[in-house]
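Just below is one structure, and these are the notes that go with it.
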Amino acid sequence: LFLQSTPATTIPTVQVQGQQMNLQPPSYTAASQHAEQMKKPGQNFMCLWQSCKKWFQTPSQVFYHAATEHGGKDVYPGQCLWEGCEPFQRQRFSFITHLQDKHCSRDALLAGLKQDEHGQVGNQKPSNK
């Protein structure tokens, strides 16, 4: 509901090492394949959509990213491809709600990372700062 009517001028920007990045549909580059290696300090939440693995500072940034990059009207595949989620067919607006409720809460994101540490990302050690 609210994602379609957002004017382009209100898209939030994120500072990443001095670069300003608009949270708009990306131009996919080879760098996006290695997002998990580019975790910055303060980025403790990861998008666990299929093989995305991008890091963010807040759960709401993960939600905004996932809703627009993976659930946008031109890219949404018709089902949730979040790691460990049942791939039921969902309407896009139902998916956006599902994403927010089931995957992008702080607790769900932290739980997903713990599962991921024991799963695919076996070579990364959790940092205990």
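Note that the structure is a prediction, hence the values are computed from the model and not measured.
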Quick check for you: to the nearest 0.5 Å, what is the distance between C104 atom SG and Y64 atom OH? 13.5 Å
Using a 4.5 Å cut-off on heavy atoms from C-beta on, say whether the side chain of S105 contacts that of F63. no
Q79 and Q89 side chains, donor-acceptor separation under 3.5 Å: yes
Does some side-chain heavy atom of E69 sit less than 4.5 Å from a side-chain heavy atom of C47? no
Should N44 and K39 count as side-chain neighbours, where that means a heavy-atom distance under 4.5 Å? yes
Residue pair Q50 / E83: nearest heavy atoms and the distance that separates them: O-OE2, 3.7 Å
Could you work out, with ring pair (Phe, Tyr, Trp, His ring centres under 6.0 Å) as the rule, every residue matching F95, not counting sequence neighbours? W49, Y76
Heavy atoms of F45 and L109 approach each other most closely as CD2-CB, 3.8 Å
Can a donor-acceptor pair be found, under 3.5 Å and without considering hydrogens, that links the side chain of R92 to the backbone of G71? yes
Between atom CZ of R90 and atom CG of L99, what is the distance when rounded to the nearest 0.5 Å? 9.5 Å
Rounded to the nearest 0.5 Å, what separation is found between the OG1 atom of T68 and the CD1 atom of I96? 8.5 Å
Do L81 and F88 share a hydrophobic cluster (ILVMFWY, side-chain heavy atoms under 4.5 Å, transitive)? no
Hey, are K102 and E86 close enough for a salt bridge, meaning a charged N less than 4.0 Å from a carboxylate O? no
Can you name the closest pair of heavy atoms from V62 and W82 and give their distance? CG1-CH2, 3.9 Å
Do the side chains of W55 and M46 get nearer than 4.5 Å, heavy atoms only? yes
Any residue meeting side-chain hydrogen bond (donor to acceptor under 3.5 Å, both in side chains) with S94, in chain and number order, not counting sequence neighbours: none
When every non-hydrogen atom of Q57 is compared with those of P41, the smallest separation belongs to NE2-O, 4.3 Å
How about H65 and C52: do any of their side-chain heavy atoms sit closer than 4.5 Å? yes
